[in-house]
**Q** 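Just passing along the structure, written as structure tokens.
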Amino acid sequence: FCSLLNMHSRHRFFFLLLARKRQQKRKEHFPKRQCSSSYWEKVVPHYSESEFLEDFRVSRSVFAWLCEELSPELAMDIRRRGAPLSVANQLGIALWRWATGSSLRVIARMFAVGRTTVHTVYDRVASAIIKRLYKKIVRFPAHDDRKAWDEISEGFQRKPGIRHVAGAIDGTHFGIKKPKGDELHNAYINRKGYASIACQALFDSEGIFRDVSLTGYQTLCHITSKHC
């Protein structure tokens, strides 16, 4: 029995040693990749205005304005490593994510950050935009501001040729996983049979969003039918 046990131990040691050597060879064959910061630091600064607009969906001037407006919320060391991401870098990561839908892995490699950082960044940028800009920009003029309302109405009259219009309304869907444990989970099933968040938006003649509502599909249909 002892001899069999010793033989088993020797075999086990042999296989462990073999696995260790294979692991070392694998590490040598696939060396650890080093992140590169060349894209943000060396490529983006040389973008033409049209290339910048195509990749980030905003002009350079709007990008600079966003950096200034969001700086109080984003000028923090989110990585806690003594080398905080700049506000421009964070905004660039978020805009690239929203404009292209690229995976976290791809964006992490492009901006030389970790995948967790990418996720944290675009979540923080979205929160900062909602906190500092949403009510400031996505709104209608005051009820008694007749001049502003006339400008919106005249804009629609110049373009589509329709008079006395204050806004155009439309909607779209953002696909989501069906909520679990939610008593109203069926409210998120749209007419095509999949779960989504319905977005209803109202904008003026210049394409500026004046109101945005996000809700379940059934709730949105009820609200729309009630007010239209």
Side-chain angles (χ1 to χ4, degrees), residues 44 47-74 87-88 90-102 122-123 125-176 187-228:
V44 173
Y47 267 17
S48 65
E49 184 64 31
S50 60
E51 290 173 333
F52 193 93
L53 182 62
E54 181 179 359
D55 281 353
F56 295 98
R57 304 299 175 87
V58 296
S59 64
R60 289 185 184 274
S61 59
V62 172
F63 187 90
W65 175 80
L66 285 171
C67 287
E68 183 179 353
E69 291 290 326
L70 302 178
S71 180
E73 300 293 328
L74 302 180
V87 174
Q90 293 180 62
L91 183 59
I93 289 173
L95 291 179
W96 187 279
R97 169 73 171 173
W98 297 328
T100 67
S102 298
Y122 73 74
D123 186 60
V125 172
S127 298
I129 290 173
I130 292 173
K131 180 179 180 180
R132 300 192 67 88
L133 298 179
Y134 180 77
K135 292 183 178 180
K136 182 179 179 180
I137 296 177
V138 184
R139 62 182 179 83
F140 275 107
H143 291 290
D144 57 352
D145 191 349
R146 185 58 182 268
K147 181 180 179 181
W149 286 106
D150 288 342
E151 289 178 354
I152 294 176
S153 179
E154 290 172 2
F156 277 107
Q157 185 173 349
R158 286 194 305 268
K159 292 182 179 180
I162 305 175
R163 302 179 61 187
H164 308 300
V165 176
I169 191 170
D170 201 356
T172 188
H173 291 269
F174 300 99
I176 61 171
Y188 292 92
I189 303 301
N190 60 41
R191 60 185 177 83
K192 294 186 178 180
Y194 66 89
S196 67
I197 292 178
C199 173
Q200 177 181 278
L202 197 152
F203 49 93
D204 63 17
S205 60
E206 300 299 325
I208 298 175
F209 285 92
R210 296 292 185 169
D211 182 74
V212 177
S213 298
L214 296 172
T215 184
Y217 177 71
Q218 301 296 335
T219 306
L220 179 62
C221 288
H222 173 71
I223 293 174
T224 303
S225 61
K226 183 177 179 181
H227 294 283
C228 292

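On a predicted model such as this, the values are computed, not experimentally measured, just so you know.
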**Q** Any non-hydrogen side-chain atom of R210 less than 4.5 Å from a side-chain atom of I152?
**A** yes
**Q** Could you tell me which residues satisfy side chain to side chain donor-acceptor pair (under 3.5 Å) with K135, sequence neighbours excluded, listed by chain and number?
**A** none
**Q** Between L74 and A128, what is the shortest heavy-atom contact and its length?
**A** CD2-CB, 4.1 Å
**Q** List, one per line, each side-chain donor-acceptor pair under 3.5 Å for residues 47-55, sequence neighbours excluded.
**A**
residue : atom : partner : partner atom : Å
Y47     : OH   : Y39     : OH           : 3.0
Y47     : OH   : D55     : OD2          : 2.6
S48     : OG   : S50     : OG           : 3.1
S48     : OG   : E51     : N            : 3.2
S48     : OG   : E51     : OE1          : 3.4
E49     : OE2  : R60     : N            : 3.1
E51     : OE1  : S48     : N            : 3.0

**Q** Please find the pair of heavy atoms, one from V212 and one from C199, that lie closest to each other, and give the distance.
**A** CG1-SG, 4.0 Å
**Q** About how many Å separate CZ of R132 and CD of E73, when rounded to the nearest 0.5 Å?
**A** 5.0 Å
**Q** So how far is it from L214 CG to I197 CD1, rounded to the nearest 0.5 Å?
**A** 6.5 Å
**Q** According to the side-chain hydrogen bond (donor to acceptor under 3.5 Å, both in side chains) rule, which pairs have a member within residues 150-169, sequence neighbours left out?
**A** R146-D150
**Q** Holding to side-chain contact (heavy atoms from CB on, under 4.5 Å), I want the full list of residues that pass it with L66, two or more places apart in sequence or in another chain.
**A** V62, L91, L133
**Q** Please name all residues satisfying ring-ring contact (aromatic ring centres under 6.0 Å, His included) with F203, sequence neighbours left out, ordered by chain then number.
**A** none
**Q** Quick one: list whatever passes side-chain contact (heavy atoms from CB on, under 4.5 Å) with S102, sequence neighbours left out.
**A** W96, T100, V106, I107
**Q** Please identify each residue that fulfils salt bridge (charged side-chain N to carboxylate O under 4.0 Å, His left out) with K136, with sequence neighbours left out.
**A** E69
**Q** Of all residues at least two apart in sequence or in a different chain, which pass the ring-ring contact (aromatic ring centres under 6.0 Å, His included) check with W65?
**A** none
**Q** Tell me, with the steps shown, if I169 and Q200 meet side-chain contact (heavy atoms from CB on, under 4.5 Å).
**A** CA-CA 7 Å; I169 191 170; Q200 177 181 278; 3.6 Å; yes
**Q** For residues 126-160, pull every pair meeting ring pair (Phe, Tyr, Trp, His ring centres under 6.0 Å), keeping only residues two or more places apart or in separate chains.
**A** F140-W149
**Q** My understanding is that only residues two or more places apart in sequence, or in another chain, count here; which of them pass side chain to side chain donor-acceptor pair (under 3.5 Å) with R97?
**A** none
**Q** I'd like to check the side chain to side chain donor-acceptor pair (under 3.5 Å) partners of S127; sequence neighbours left out, ordered by chain and number.
**A** none
**Q** Identify the heavy atoms of C67 and A88 that sit nearest to each other, and give their distance.
**A** SG-CA, 3.7 Å
**Q** D145: which residues meet the side chain to side chain donor-acceptor pair (under 3.5 Å) condition with it, sequence neighbours left out?
**A** none
**Q** Are side-chain heavy atoms of H173 and Y194 found at a separation under 4.5 Å?
**A** yes
